[in-house]
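To start, the structure itself, in structure tokens.
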Amino acid sequence: MDEDRDGLEGSWQFVSKALRYGAGVAVHLSKLRPRGTENKHGMIASGPCGFMEIYSKFNEILRRGGTYRNGAIVAHLDADHKDIVEFINYDRSRIPWIKRCVNVDDDIVNYPDTLSAIMKGASRGDVWIVKKQYNKKGERIYSNVCQEILLKSRDTCLLSHINLGLTTIEELPKAFEDGMKFLCELHKNSGVDESDIYKKEENQIGLGVLGLANFLAIEGIKYSEFVAALRNRNSGVGKTDTKAGEAALALYNGFMAATKVAADYNMDRAFTVAPTASCAYRYLDREGFTTAPEIAPPISRDVDRDSATLGVQSYSFHPKCETAEQVGWDTFFELNSEWQRLMDSTGMGHAISMNWWSDLVSMDRKFMARWLNSPLKSLYYSLQVMENTQDKSNVSAGLDSSEFDQSEFDVLFGADNEPTMCTSCSE
Amino acid sequence: MNKYQALLSKKRVWTPVKPERFILPDEAREAVGRCLSLRFLELPVGEFIRDAGKGDLPQLEGVKELLLSNIVDEERHDLALNYIAEVSGISADYEAEAHRIVKAWIERPEHPVLKALVLERSVFFVILPLFRFLGGPGLRTTSADVSRDETVHVAANSAVCKDLGLRVTPELDKLRKATVSWMTQGLINKSDEKWYDRNFWMDQSDSLLYTGKAEGLIETKRARMPAFFEMSNSDLPSYA
């Protein structure tokens with residue numbers, strides 16, 4: 001949003017139209033003057049933060065009034081904006097239907113107060129974080145709603161995902177090539193630039209994946225093995241004497257084949273990993289189980305997807321899927337880093353919507369330094385992934401032997417005071 | 001690291017958030033309202049643990065720290081459930097009776113940690129799934145947040161009870177039964193849908209206390225994945 005170019009009202013019109021069509025919108029507020037700033041006409045700025053309430057209301061009314069429509073809105077603010085702390089700490093009850101994202105530079109570590117506020121906000125789950133991004137011409141490009149697509153202002157995304165759960169190792173290269181052709185053709189014919197809403201300043205699409213966890217489970221490959229193989233492949237020392245090595249090579253070949261297709265269509269960017277947090281649940285792997293979202297391991301093999309709009313829906317992933325807790329944060333972080341490296345090696349990489357696991361890792365300066373020094377571009381939702389924390393079918397669920405001793409649960413009733421009442425009828 | 005320290009490290013901090021108003025199915029309204037009114041037990045449970053701290057406790061590192069942090073947890077649970085009560089308005093009709101139940105628990109002469117354990121293991125362990133399966137989005141979030149804490153509390157209090165050789169008395173068991181019976185009023189005595197079946201919840205409470213297991217609550221093993229864009233920010237968890 002630009003105060004001078006389109007005015008605030010211009011952005012409202014854009015948001016309104018996009019939401020009515022069921023789209024998601026990311027609104028960048030950094031060009032708005034900080035709160036209290038006086039312009040040449042003597043007008044005092046209210047700052048960018050209060051405007052989030054208007055956008056939240058747009059989403060609440062346009063998206064949720066009447067029938068359900070897919071749509072979402074995210075407000076972005078650069079970390080070097082003077083109102084960044086207000087933005088991060090803005091009361092979530094005043095902006096129930098807008099998410100927030102902070103855009104940082106690599107030197108954010110030199111601003112400890114701001115960094116501390118960002119880390120606290122992200123730890124609470126109130127803000128996401130992305131690194132500022134620039135295209136090959138050095139122009140600023142922005143994150144979309146879910147952070148996986150990088151685009152110029154008023155451009156739009158066009159995404160599709162390869163269901164890895166349905167794909168064998170041998171099929172991977174062709175799946176990527178075909179998927180890219182499909183998207184490129186769709187992009188050519190979308191006519192999006194002819195709408196009165198969007199622009200098409202760059203050629204970009206987003207080919208992503210879902211169901212990596214299912215793929216690995218079916219192929220009998222551990223996440224740690226796959227990450228090691230992918231790292232070797234990215235370093236040019238890939239071996240194919242293991243299943244993981246074969247899979248990494250097939251993935252690499254798929255990316256290269258798809259890159260050639262995308263280049264033929266003059267794409268600027270073409271690869272991504274989107275959250276697929278809605279669509280993954282609608283697909284099955286080749287053994288009939290629900291596909292896990294994107295490249296992450298599921299938080300549990302059985303999940304209740306909880307929506308205020310659609311209610312609670314239960315899904316079962318592949319029983320041999322490794323879970324997030326089993327995979328561990330370090331392996332997951334390295335997986336994302338290597339996947340991003342592979343995307344970047346094509347010269348057509350967008351980003352990965354990478355959730356971080358706030359009950360397995362703390363967001364502190366060390367964590368941030370690691371992320372800032374990595375090729376990763378986003379930190380998306382704060383997820384809690386430890387298993388069985390809600391299990392109430394067993395008093396020792398979720399605990400290991402260092403935390404409980406079964407005998408402690410068995411001694412409540414001594415021989416002299418066994419329960420004497422009938423347990424079923426209380427008589 | 002001993003088990004008390006291990007349990008303490010298991011905890012994760014969260015912050016109560018006032019949720020959006022939610023609508024309950026008519027069949028669930030009374031039971032959820034009654035269970036919610038029993039939030040008045042949260043602070044007394046904290047007091048039970050505080051009282052226990054004045055007397056004999058196992059002489060192990062981490063015991064006091066763990067129990068003190070459990071008290072803080074109970075205060076957080078009280079705040080979270082008060083938010084739910086405030087937005088839902090469904091518990092007011094039952095609060096006077098709930099206070100009498102709380103009084104009965106306070107007046108029981110058993111060791112305070114034993115009282116806390118019985119309440120958490122066979123009353124709160126029943127209320128949390130009831131909130132999860134019969135409640136609205138914000139209540140489900142609160143249930144999930146409280147749930148992790150309660151697992152640690154039960155383990156901590158079980159360990160203390162074992163170390164102190166405490167046993168459940170028939171009188172305490174009767175009070176537990178009466179409490180669960182009262183809070184599940186409004187549900188049907190036998191329903192085809194188990195979450196609406198009063199007997200089902202009574203049986204789960206019995207089973208949790210007597211065996212430590214409740215096969216009927218197997219669905220609680222499923223993780224909860226909030227659909228973030230389909231929920232108000234006020235209904236989403238707040239960590240840290």
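Letters A, B, ... are given to chains in the order of the sequence lines, protein chains preceding strands, and every chain is numbered from 1.
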Is any NZ, NE, NH1 or NH2 atom of the basic residue among [X] and [Y] found under 4.0 Å from an Asp or Glu carboxylate oxygen of the other?
| X | Y | value |
| --- | --- | --- |
| B:R176 | B:D173 | yes |
| B:D149 | B:K11 | no |
| A:K392 | B:E219 | no |

With a 4.5 angstrom heavy-atom cut-off, could you sort out which part of [X] is near chain B: side chain, backbone, both or neither?
| X | answer |
| --- | --- |
| A:V74 | side chain |
| A:E387 | neither |
| A:A277 | neither |

With a 6.0 Å cut-off on ring centres, are [X] and [Y] close enough?
| X | Y | answer |
| --- | --- | --- |
| A:F367 | A:W356 | yes |
| A:W128 | A:Y381 | yes |
| B:W201 | B:Y196 | no |

Which of the residues [options] is involved in the greatest number of heavy-atom pairs with chain A at under 4.5 angstrom?
| options | answer |
| --- | --- |
| B:E215, B:K213, B:Q5, B:M1 | B:K213 |
| B:A6, B:A227, B:A223, B:P137 | B:A223 |
| B:G138, B:S143, B:A144 | B:A144 |

If you count heavy-atom pairs within less than 4.5 Å of chain B, which of A:S382, A:P298, A:G398 leads? A:S382

Do you know which of A:S307, A:G125, A:S362 has the most heavy-atom pairs with chain B at a distance under 4.5 angstrom?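 Ranked by heavy-atom pairs under 4.5 Å with chain B, first place is A:S307.
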
Heavy-atom contact with chain A under 4.5 Å, split by part of [X]:
| X | answer |
| --- | --- |
| B:L114 | side chain |
| B:K221 | both |
| B:I218 | both |
| B:P237 | backbone |
| B:E20 | side chain |
| B:V17 | side chain |
| B:F22 | neither |

Report yes or no: does A:R100 contribute a side-chain atom to a donor-acceptor pair with the main-chain N or O of A:M52 at less than 3.5 Å?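 Side chain of A:R100 to backbone of A:M52: no pair is present.
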
Is it true that a side-chain atom of B:R12 and a backbone atom of A:D359 form a donor plus acceptor pair closer than 3.5 Å?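 Such a contact is found between B:R12 side chain and A:D359 backbone.
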
Please walk me through it: do B:R76 and B:T15 pass side chain to side chain donor-acceptor pair (under 3.5 Å)? CA-CA 8 Å; B:R76 190 183 302 117; B:T15 306; over 6 Å; no

Applying salt bridge (charged side-chain N to carboxylate O under 4.0 Å, His left out) to B:E171 and B:K174, what does each step give before you reach the verdict? CA-CA 5 Å; B:E171 292 75 19; B:K174 276 182 190 165; 5.9 Å; no

